[in-house]
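Read the structure below first, then the notes.
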Amino acid sequence: METVTQDQLQAAAATSKAWPFQEAQRLAKRFPDGKRDADGNLVPVLFETGYGPSGLPHIGTFQEVLRTTLVRRAYEVLTGGHPTRLVAFSDDMDGLRKVPDNVPNKEMLTEHLGMPLSRIPDPFGSNDSFGGRNNAMLREFLDRFDFDYEFIAASDRYNSGQFDDALKNVLRNYDAIMGVMLPTLREERRATYSPVLPVSPTTGVVLQVPVSVVHADKGLVSFKDSDGTIVTHSVLGGQAKLQWKVDWAMRWVALGVDYEMCGKDLTDSVTQSGKIAKILGGRKPEGMIYELFLDANGEKISKSKGNGLTIEEWLTYGSEESLGFYLFREPKSAKQLHVGIIPKAVDEYWQFREKIPSQPVEQQLGNAAWHLLGANGGHEGAQVPGAGDSLPVTFGLLLNLVSVLGAEATREQVWNYLGNYIHDADPAAHPDLDVLVDRALAYNRDFVAPHLVKRPPAANEMKALNALDRALSGFDDETPAEDLQTAVYEIGKREEFGFENLRDWFRALYETLLGSSQGPRMGSFIALYGIENTRRLIAKAMMRTQPEQA
């Protein structure tokens, strides 16, 4: 790879059309000389991602942290290394609205409905609170993928008083904030809406009640408590929280957030929170609004329907890198998220990774693999760790091999066959491939083998298969894959077999030998599976007959 200077890299970053750099370019315009404090010192640009700890981290959590990290790294490249921070913020002061289905001790949780998540006992008994347990799981989740972040819990900031000045600011601007929010609400909701949600001094529940500001600078409000009595109450020190749109704006201002992305479903919230942030003396951060995922039928993914794909499922059948690759592509377009997309994502990731060294710097900055490799390992100029690496066997080819071996195939069997194709067929020498062997076995077991049907060959296909068998009899296992591919290709071109085009011949091979409408380069497959094994596969196919031939 040609050495790229820092100046060349920054020049390419300044004009790159890759979405992380386009986001970074907007952020750089926000701070033409870098983000500075009151004394003119360069300070970190703050990126934020949010998390609601009423449930477990999921693929949406991963995508938001990953995509934000990619913009963060792009900004660092664009500015030549200006400092940045990433905060993962958990809104664990939110009141528990309903009891989740997948937890024990539901009766206990029912008794605590409406209380802040950080003040509800952990139903699993492993943490000091329900919110604390889910916060711990979020940190474990992010650490699993080596994200560089700082964790902040809303409960810590509210309870410690670190948000007290921000809360007083909200009370001082109470009427202006109501002016933003009330027009967006239904009539019945307007009657009870308040930007401030006091925590009941008698029940500990986060109350959804109207409040009156008694003394903004002292943080005092009055409201009707759970028992119907009118009380004057402080909102400071964790005795209240804010409605989430107001909370979002307050957090932007209090923490100094400069960048935060979100899903399309929060488009209106971004607008309203941005107005409130301005009222509070700050400004809305830069950010991208990304599209949401669809299921295999093109319908919106719903937790209640269970029609989505979990991150655990993806990592059962594909690699972490392939997930990142899929999430990188076209974030502003709706994409289907189901197991059928995984094999292609795996192979495309490795194709893009292999290309990096041969690409000019402008193309590298648009290469998804370049961004993913630099997400946590950092960049040394345009160099990223692992650029140019490739797999000796594609994931698609692995899947074809495993499907032929059957649902009971083992790692050892697969690696034995890989010895036909790789001179050092040792898992230790190819750790990335070894991971994909396990994924291919799982994918075949759960999605391919149960539905595998190898159709009988038609009469002309039978003759072509017979010709292929005769051709293979003249080769041995040392024959290069390209020579085998040429032999297959030549048979498909022979007019006597009646194929309109080579695509029909290859489809016939896939459907009769592999039980699939698509497949690998047959020369590569034959070299991997072995000459004699392939001939036996052809013999079995020729024993199946079309109904009209029976």
Side-chain angles (χ1 to χ4, degrees), residues 309 312-326 338-355 369 386 389-454 477 479-482 484-485 488 506-507 509-534 536-537:
L309 182 68
E312 289 76 17
E313 287 171 328
W314 186 293
L315 296 181
T316 297
Y317 308 115
S319 61
E320 175 189 329
E321 297 91 348
S322 65
L323 174 58
F325 178 85
Y326 189 73
H338 55 87
V339 292
I341 64 177
I342 294 176
K344 183 179 179 182
V346 172
D347 278 336
E348 286 190 342
Y349 165 76
W350 281 99
Q351 290 165 11
F352 275 69
R353 180 166 170 174
E354 186 177 4
K355 286 178 183 177
D389 289 353
S390 62
L391 293 175
V393 173
T394 67
F395 190 54
L397 190 55
L398 265 184
L399 283 173
N400 287 122
L401 171 63
V402 173
S403 71
V404 171
L405 296 179
E408 305 303 319
T410 65
R411 288 180 70 254
E412 291 71 22
Q413 283 180 297
V414 176
W415 275 105
N416 284 337
Y417 278 97
L418 287 170
N420 295 332
Y421 202 78
I422 308 172
H423 75 276
D424 56 344
D426 180 356
H430 301 280
D432 291 316
L433 181 59
D434 193 38
V435 168
L436 294 180
V437 168
D438 284 335
R439 304 299 191 267
L441 288 166
Y443 193 92
N444 179 66
R445 180 192 65 231
D446 295 342
F447 299 106
V448 179
H451 310 289
L452 188 65
V453 177
K454 298 177 183 179
D477 286 334
T479 304
E482 284 303 317
L484 296 169
Q485 180 73 12
V488 176
F506 283 109
R507 184 183 299 114
L509 289 170
Y510 300 148
E511 293 177 353
T512 60
L513 302 184
L514 305 179
S516 172
S517 60
Q518 300 178 26
R521 285 176 60 85
M522 285 305 299
S524 298
F525 174 78
I526 295 167
L528 175 61
Y529 193 49
I531 299 291
E532 291 306 314
N533 287 326
T534 303
R536 281 192 283 271
L537 202 60

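Interatomic distance, Asp446 CG to Tyr317 OH, rounded to the nearest 0.5 Å: 3.5 Å. To the nearest 0.5 Å, atom CG of residue Leu452 and atom CG of residue Leu514 are 8.5 Å apart. With rounding to the nearest 0.5 angstrom, the CG atom of Leu484 is 10.0 Å from the CE atom of Met522. With values rounded to the nearest 0.5 angstrom, Asp477 atom CG is found 11.0 Å from Leu528 atom CG. Rounding to the nearest 0.5 Å gives a distance of 16.0 Å between CZ of Arg353 and CD of Glu348.
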Starting from the C-alpha separation in whole Å, work towards a yes-or-no answer on side-chain contact (heavy atoms from CB on, under 4.5 Å) for Asp389 and Trp350.
-> CA-CA 8 Å; Asp389 289 353; Trp350 281 99; 4.0 Å; yes
Apply side-chain contact (heavy atoms from CB on, under 4.5 Å) to Arg521 and Glu482, showing your working.
-> CA-CA 9 Å; Arg521 285 176 60 85; Glu482 284 303 317; 3.0 Å; yes
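Tyr349 and Ser322 get closest at one heavy-atom pair: CB-CA, 4.4 Å. What you find for Ala345 and Phe325 is that their closest heavy atoms are O-CD2, 3.9 Å. Here the shortest heavy-atom pairing between Trp314 and Ile341 reads CZ3-CD1, 3.7 Å.
The aromatic rings of Phe525 and Tyr529 lie parallel to each other, their planes meeting at an angle below 30°, with 60° marking the opposite boundary.
Residues Ile531 and Ile526 form a side-chain contact, since some pair of their non-hydrogen atoms from C-beta on lies under 4.5 Å apart. Contact of the Glu321 side chain with the Val435 side chain is not registered, since no non-hydrogen atoms from C-beta on lie closer than 4.5 Å.
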Quiz: residues 390-408 side-chain donor-acceptor pairs under 3.5 angstrom, not counting sequence neighbours:
| residue | atom | partner | partner atom | Å |
| --- | --- | --- | --- | --- |
| Thr394 | OG1 | Leu397 | N | 3.0 |
| Ser403 | OG | Leu399 | O | 3.4 |
| Ser403 | OG | Asn400 | O | 2.8 |

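Asn416 places a side-chain N or O within 3.5 Å of a backbone atom of Glu412 that can act as its donor or acceptor partner. Side-chain N or O atoms of Asp426 include one that pairs as donor or acceptor with a backbone N or O of Ala428 at under 3.5 Å.
For the salt bridge (Lys or Arg N to Asp or Glu O under 4.0 Å) condition, the pairs that include at least one residue of residues 429-439, sequence neighbours left out, are Arg411-Asp434, Arg411-Asp438.
Summarising the local packing, NZ of Lys454 is surrounded by more than 12 heavy atoms from other residues, nucleotides or ligands at distances under 6.0 Å.
Residues forming a ring pair (Phe, Tyr, Trp, His ring centres under 6.0 Å) with Tyr510 (at least two apart in sequence, or on another chain): none.
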